[in-house]
Each structure stands twice: as C-alpha cells, then as structure tokens.
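Proteins come first, then strands; the chains are lettered A, B, ... in the order of their sequence lines, and each starts at number 1. Both backbone and side-chain heavy atoms feed into the values below; hydrogens, waters and symmetry mates do not.
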Amino acid sequence: MSETTLTSAADAASPARPRLAGRGALIGGIVLLALFAVLPPAATAMGDPFLVVTATRIVIFAIAALSLDLVLGYGAMVSFGHAAFLGFGAYAVVILAAAGIDDLLLQSLAAIAGSALFALVTGAISLRTKGVYFIMITLAFGQMAYFFFVSLSAFGGDDGRTLQHRSTLFGAPLIENDVTFYYIALAVLAAAFVLLRTVVASRFGRVLRGTRDNRVRMQAIGFAPFGYQLTAYVIAGALCGLAGVLLANQTEFVSPAFMTWQRSGELIVMVVLGGMGTLTGAIAGAVGFLVLEEVLSGLTEHWHIVFGAIIVLLVLYTRGGIAGLFSRLFGGRA
Amino acid sequence: MSALLSIRDLRKSYGALKVTDGISLDVPAGELHAIIGPNGAGKTTFIHQLSGSLKSDSGAVHFDGADITRLSMVARVKRGLARSFQITSILDGFSVLENVATAVQARSGSSFRFLTPAASETALNAEAMEALARVNLADRAHRQAGTLSHGEKRQLEIAIALATGAKMLLLDEPLAGTGHEEGAILIDLMRQLKSTHTIMLIEHDMEAVFALADRVSVLVYGKLIATGDPAAVRADPAVRAAYLGEDA
C-alpha cells in the first residue's frame, strides 16, 4: 500500500497530460493551420487568386467560431447573440475611420474594449438565467444591438456603409494587399487557437469545464460558477469583436446584417458541426460550413435545401462533429 | 457547549408535507453520527439543508462557532462542511486525479489563472494523491473517472470531499448500490476517517451503522424520535416499532 502511494505520488509530480489539450487536437489544429498557411501560393499555382479572398473569410469566421466554442463548448452556455460582437468589431472600424483613426491596432483595441464591455453587462444579466431562458435573453440582447445599429443613421442605418479603404497598419496601407491581409488574419487565428488552448487547460479552464460537466459537483467543492462563466463570456466577446474588425476590412463594408440572429445561428452550427468543446473542431466547423456554402451555392439556386440536409446528416452521423469523426477514424481525441 | 455542528428546530415543508419537522441536534467534534430512518423519512432533504443546497423554512444551523443558516453551499464548503452525494456525482470526463485536484484547487489560491496548465500543478496533484491514497484509489489516479467501478466511484466521491479540506463530512448513503465487498472497503475507509474527521453518516445499511457510529439518531417523518449510542437506540421500543421492527 505504501509502495503504491509512493510510485503514484511520483506519477503525480510529473505533469499529467491534460486530456482536453491532447496530442490529437494539437496535431489536427497544426495541420489545419499549416494548410491555411500554404493556401496563397497554392491558389496562385492553380491560377485562382480569388481563393485567397474566400479563405480570408473562412479564417475570420474560424476566429468567431473559436470564441463561441469557449462559451458554448467549454462553458455550456448556449449564446444565441454571439454575432452582435462581430457587429461591434465591424462598427468600431467604420466609426473610428469616420473620426480619422485608421490604425488597425487602435481599431482592434476599441473593438475589444467595446465588445468586452457589452459582454460584461449583458453576460452578467443573462447568467442569472439558465437553459432556454439563457438562449432567449442572449438572443434578445443580440437583437437590441442589431436594432441599435439599424437606427444609427449617421452610419447608414439599415443599409450600412462602405469603407473608403482598409485600415492601415503602422501608418501604411499594408492590408490593402489581399495576401498580406490573409496572413494577418491567419496569424490572429493561430494566436487565438494557442491562447484558448492555454486558457482551457488552465485553472480557470478546469473550473469552466467542470461546471459544464457537473455544476452541482463544482458548487459542492466550493466553486461559484457565475464569475467563471461571466469571464469566459467576456473573453469570447472580446475575441469575436476582433474577428469583426477583420470582417469589416475583408468585405470593406459594414452593416447591421453582420449581427443578425441568423448569423448567430450560423456560428452555433459551425461549432456544433465541428465538434463542441474541441478548438480544432471549431476551426474545422467554420471551414466545413463555409466551403459547403460556397460549393453548393455555385451548383444550384436552391442550395439551402441541400445544405440543410447535409447538416442534418452530419449532426446525426458524426456525434461530436467533424472532430469526433476524426477521433473515431484515427483514434485519440481530436 | 462545544458542538461542531449545532442544529436548532430546523424545518422544511413542501405544501402541507412537513419533510423536516423541527430537528434539533448537536454533533460534537470527532463524532461519527449516523442518521437512520425508513425510506421517505426525509434524510436526504435534511442533508440538503445542512449542506446548503436547499433553503430551510426556519430554524438555525451553527457550524464551527458561526451561524451558517443562510450561507450558500459554496460558502459552507469554504468553512469546512463538505458533502458527498447519494447518487454518485463526479466529473466523469476528468481523470480520477483531476477530480480530486479540482477540489484541492478550490481552496488553494485563485482559480482566475489563465496561462499555466492546471494539470501540471504539482502541489495540487500531490495533495490530491494524498486524498486518493487515503481512500485506496492511488493506483487509479490516471484513469478516466467515468470508467471506475461503482464502488471505486463511491471511494472517489469521499476523496473529493476530503480534498476540500473539510472538518466535517456529510456522507449521504456512501454504501448505496455497492456489493458486499465494495461495502466492506468503504466501511473500513470510514472507520479510518473517524480518527480525523467529524462525520454525519446517512445510511441504510444497519450493519455498517452499528459498526461505525458513536451515536445514532432515528429520523421518522421529519422528526428525530431517538438519539443515543447504538445499543440504546437499538433497544429503544419506539425505534423498534417505527423502523427496526419492520426491517429486521
């Protein structure tokens, strides 16, 4: 008995590999990011430079999906208003640009601060509810933000506004070049991936995951979930705001349509499709969703019907989403 | 008056049904106090009220010199009153070690730390291993908790309660659903815990109760009808009529 204890204690002293940050997930994520990294030269080789523009959009939505996954997949909070943060980020660009501030970093800071504040206030109220009420109240806050920007006639109201030019970086129009912009977005995605992997494996992430799995158990050992869930909500909101800054620059146009509840729904579909609670899955989900949309809408006008059917099949037959499918095919947890 | 846990006229009703009907009880430090009673006597409701997961209608609970009547479950745990659950409540997806380390983490500094991996915090893991060793689960530390046998899950549940740093454990039917051998391991475990912890044990298994308890209280329809040492309670005619007679 004492011998078992000794060897096990030695075991404990060596860092136990966190299951959620397992090797499979890391490899999957790195492979995805590596594929993204070689895409521009590949697109040029294939004579289809427009591919980079589409890929930029995918990368940006992958960042948004990653942020939602922290809330939905790790925090078990079904937020139906997440697109609001995309809108805040996008409007940070157009509003600051109108005030003569074109710098991407300053706009990003403003977007992060604004989104975090909105997340803090609405999250603190929403987290007083649970289950379907949480869904409803986050939806309501999302719609409030949407209608606020619809009524903002100085910035085009319902019609939105076209950007004069993309944001500047270090005073230069660096991101006017599509490939440079693509790599900047990709760098943000990679950084977000690494950051969130770190966060979910941390003490904070452990409390968040434990609360998702068994809230009462966590309370019974002395954790009050509210503060942890709210913090996750704020981190996710801030990150999604940053995605909004990039999205505005990608489309060079900003409108309230960025933050409709349908858009929030699409983000949820991306996360569920990819596999909730796996960061690699969130990226894979964004890729799967947008590629499918792109391919199908090129084939037929009635692509939504086919799209819906494919989503139903994927959700039914790939428990755990794309990430779950991969982990069953190749072993280990994706 | 040095009771660690002191309960005064505690009440809880659901409509006309008085589930807890004026319970008063003192549990001194170091005692293993068993609560027995037939099904539906209100034992689990009583534990819920003590642990803070259920609000009492009236009455008072003092623990370690402080009035905890209106404190939340989280606040009571922080004061050293921890519970286990009748229906196993563990984090199935976590490793056995991480289940316990999470409980250690709850009382070891801030959990608003974002950048270092919790699983490699050696201080947390070492304390968790101690708790696991106490319940004889050290060799299961790296298994996923959901894959343990039922008896092992019951042991893990106790390790988690220990790891909160509790002075007193509220154990809600720790033997529920266990076979004879698993039960024997748990009874042996509780006998060892007696030396370091004050324990309130809710249990159906009479053999276990009379083997372990310093004192026994009998709960019938929300009232304590007898409290005393096991032999006296066993001999009490009211108890025999209400409970033991039916069972034995």
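Between Lys167(B) and Asp64(B) there is a side-chain heavy-atom pair separated by less than 4.5 Å.
Heavy-atom pairs under 4.5 Å with chain A peak, among Ser108(B), Ala82(B), Gly165(B), Ala163(B), at Ser108(B). Here Ser89(B) is the residue among Ser51(B), Ser89(B), Ala106(B) with the most heavy-atom pairs under 4.5 Å with chain A. Put simply, of Ala123(B), Ser84(B), Ser110(B), the one with the most heavy-atom pairs under 4.5 Å next to chain A is Ser110(B).
Cation-pi geometry between Arg83(B) and Phe85(B) is satisfied (NZ or CZ under 6.0 Å from the ring centre, within 45° of the ring normal).
Residue Val74(B) touches chain A through both its backbone and its side chain, counting heavy-atom pairs closer than 4.5 Å. For Ser53(B), no part sits under 4.5 Å from any heavy atom of chain A, backbone or side chain. Neither the backbone nor the side chain of Thr88(B) has a heavy atom closer than 4.5 Å to any heavy atom of chain A. Using a 4.5 Å cut-off between heavy atoms, Leu132(B) does not touch chain A at all. Proximity to chain A involves both the backbone and the side chain of Ala101(B), based on heavy atoms less than 4.5 angstrom apart.
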Would Gln105(B) and Ser111(B) satisfy side-chain hydrogen bond (donor to acceptor under 3.5 Å, both in side chains), going step by step from the backbone distance to the final call? CA-CA 7 Å; Gln105(B) 181 185 320; Ser111(B) 282; 2.9 Å; yes
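Relative orientation of the Phe85(A) and Phe88(A) rings is tilted, given thresholds of 30° and 60° on the angle between their planes.
Between Arg206(A) and Glu121(B), no side-chain nitrogen of the basic residue sits less than 4.0 Å from a carboxylate oxygen of the acidic one, so the salt-bridge criterion is not met.
Between Leu66(A) and the choices Leu195(A), Leu196(A), Val271(A), the side-chain contact (heavy atoms from CB on, under 4.5 Å) rule is met once, by Leu196(A).
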